[in-house]
Amino acid sequence: MDIFMERAVELAVENVREGGQPFGAVLVKNNNVVAEGVNELHKTYDVSGHAELLAIRSAQEQLQTNDLSGYTMYASGEPCPMCLTAMYFAGIEKVFYCGSVENAVEVGLGKSKIIYEDFQKTKAERSLSMIQMPLNEGQKNPMKLWKERT
C-alpha cells in the first residue's frame, strides 16, 4: 500500500478510536503531503465536516487559492457525492480510495449510496424536492451582475 494511503487509513483508525467515523484523507502534490483531514461530525455537528473537505479547506486556506489542479486525494473511503463534487470544483485530478461505498453500507454508513442513486434520477423523481423560483419583478439578478463584473 502507498504511504499516503497508509496515512489516510491511519487517520481513519485514530478517528474511530476517538469516537468518529472511519474516514481520513490526505491531499498530496508532487509527492508531498499538503493537508490532512478526518471526519469531524462527532465534534462539530457539521454535516460538511468530512475528511476530504477538511483537507481541501486546509490546503486552500494555507495556499490562498481555490485551484488545486495537479493535486491528488488519498481517502480511506470512497468519497461521498459532496466531497467528490468539491474535488471537481477544486480541480483535483486524481483520487485514490480504500473502502468502497458498498463497504460503508455494510457497516451502517449508507447515505452516500442512497445519494449517488438519487442523482441518477430526474429532478422530479429525487427524494429531495427542488423547485425553481423566478426573481421578483425589479429584483437585481445576481448572475447578470456577476457577468457584468467579470
Side-chain angles (χ1 to χ4, degrees), residues 1-128 130 132 141-150:
M1 186 183 289
D2 181 279
I3 62 167
F4 303 121
M5 184 59 77
E6 283 182 16
R7 178 63 181 152
V9 171
E10 181 181 294
L11 288 167
V13 168
E14 289 173 18
N15 203 44
V16 170
R17 288 187 177 134
E18 292 175 8
Q21 293 181 346
F23 302 108
V26 178
L27 187 61
V28 174
K29 185 167 186 183
N30 299 326
N31 283 326
N32 292 309
V33 174
V34 177
E36 297 179 339
V38 295
N39 185 297
E40 292 186 352
L41 291 158
H42 66 295
K43 293 180 181 177
T44 62
Y45 303 99
D46 173 3
V47 296
S48 70
H50 288 201
E52 300 92 334
L53 285 179
L54 295 175
I56 290 168
R57 287 178 192 156
S58 175
Q60 288 180 330
E61 184 178 349
Q62 174 188 342
L63 302 168
Q64 294 292 292
T65 185
N66 291 320
D67 183 9
L68 299 178
S69 300
Y71 288 71
T72 301
M73 181 70 74
Y74 292 82
S76 63
E78 185 173 352
C80 75
M82 175 176 61
C83 293
L84 185 62
T85 301
M87 289 183 233
Y88 273 104
F89 276 118
I92 292 171
E93 296 174 6
K94 191 178 284 188
V95 181
F96 293 97
Y97 65 91
C98 224
S100 68
V101 168
E102 291 75 23
N103 297 143
V105 169
E106 291 169 5
V107 298
L109 298 167
K111 278 194 177 174
S112 288
K113 186 175 191 308
I114 293 166
I115 296 167
Y116 274 123
E117 289 170 352
D118 218 36
F119 281 166
Q120 293 178 26
K121 299 174 183 175
T122 66
K123 286 180 189 175
E125 296 172 319
R126 292 181 187 160
S127 61
L128 178 63
M130 292 178 56
Q132 184 177 14
N141 184 325
M143 296 292 183
K144 285 183 181 175
L145 184 61
W146 171 257
K147 186 176 180 181
E148 291 167 4
R149 202 183 103 200
T150 55

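Ser58 places no side-chain N or O within 3.5 Å of a backbone atom of Leu54 that could act as its donor or acceptor partner. Side-chain N or O atoms of Asn15 include one that pairs as donor or acceptor with a backbone N or O of Gln21 at under 3.5 Å. Using modelled atom types, one side-chain atom of Ser76 and one backbone atom of Pro22 make a donor-acceptor pair closer than 3.5 Å. At least one donor-acceptor pair under 3.5 Å links the side chain of Asn103 to the backbone N or O of Ser100. No side-chain donor-acceptor contact under 3.5 Å links Asp67 to the backbone of Thr65. In this structure a side-chain-to-backbone donor-acceptor pair under 3.5 Å is missing from Asn39 to Phe23. Using modelled atom types, no side-chain atom of Glu93 and backbone atom of Ser69 make a donor-acceptor pair closer than 3.5 Å.
Taking a cutoff of 4.0 Å between a charged side-chain nitrogen and a carboxylate oxygen, Lys144 and Glu148 do not qualify as a salt bridge.
Residue Ala12 comes nearest to Gly24 through the heavy atom pair CB-N, 3.6 Å, listed as atom of the first residue, atom of the second, then distance. Shown here for Val95 and Met87, the closest heavy-atom pair between the two residues is CG2-SD, 3.3 Å. Contact record, Gly37 with Leu11: O-CD1, 4.1 Å, taken as the closest heavy-atom pair. Nearest heavy-atom pair, Met82 versus Ser48, reported as atom, atom and distance to 0.1 Å: CE-CA, 3.7 Å. In terms of heavy-atom proximity, Asn141 sits nearest to Met143 at OD1-N, 2.8 Å. Across all their heavy atoms, Gly77 and Glu52 have their closest contact at O-OE2, 3.8 Å.
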### Task
Applying side-chain contact (heavy atoms from CB on, under 4.5 Å), run through Val28 and Phe96 and close with a yes or a no.
CA-CA 11 Å; Val28 174; Phe96 293 97; over 6 Å; no
After noting the C-alpha distance and the side-chain angles of Glu78 and Ser112, does the key distance pass the side-chain contact (heavy atoms from CB on, under 4.5 Å) rule? CA-CA 9 Å; Glu78 185 173 352; Ser112 288; over 6 Å; no
Legend entry - Derivation and outcome, salt bridge (charged side-chain N to carboxylate O under 4.0 Å, His left out), residues Arg7 and Glu10: CA-CA 5 Å; Arg7 178 63 181 152; Glu10 181 181 294; 2.5 Å; yes
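Between Ile3 atom CD1 and Asn31 atom CG the span is 7.0 Å, to the nearest 0.5 Å. Here the CD1-CZ distance, from Ile114 to Phe119, works out to 12.5 Å after rounding to the nearest 0.5 Å. To the nearest 0.5 angstrom, Asp46 atom CG is 7.0 Å from Leu41 atom CG.
Within 6.0 Å of NZ on Lys121 lie more than 12 heavy atoms contributed by other residues, nucleotides or ligands. Residue Glu61 qualifies as open at atom CD: its count of foreign heavy atoms under 6.0 Å is 12 or below. Atom OH of Tyr116 is surrounded by more than 12 heavy atoms from other residues, nucleotides or ligands within 6.0 Å. Under a cut-off of 6.0 angstrom, the local environment of NZ in Lys29 is crowded, with over 12 non-hydrogen atoms contributed by other residues, nucleotides or ligands.
Of the residues listed (Val26, Leu68, Leu84, Ile56), the one engaging Met73 in a side chain to side chain contact (heavy atoms under 4.5 Å, CB included) is Ile56, and it is the only one.
Between Tyr74 and Phe4, the ring planes lie tilted relative to each other; the angle falls in the 30° to 60° range.
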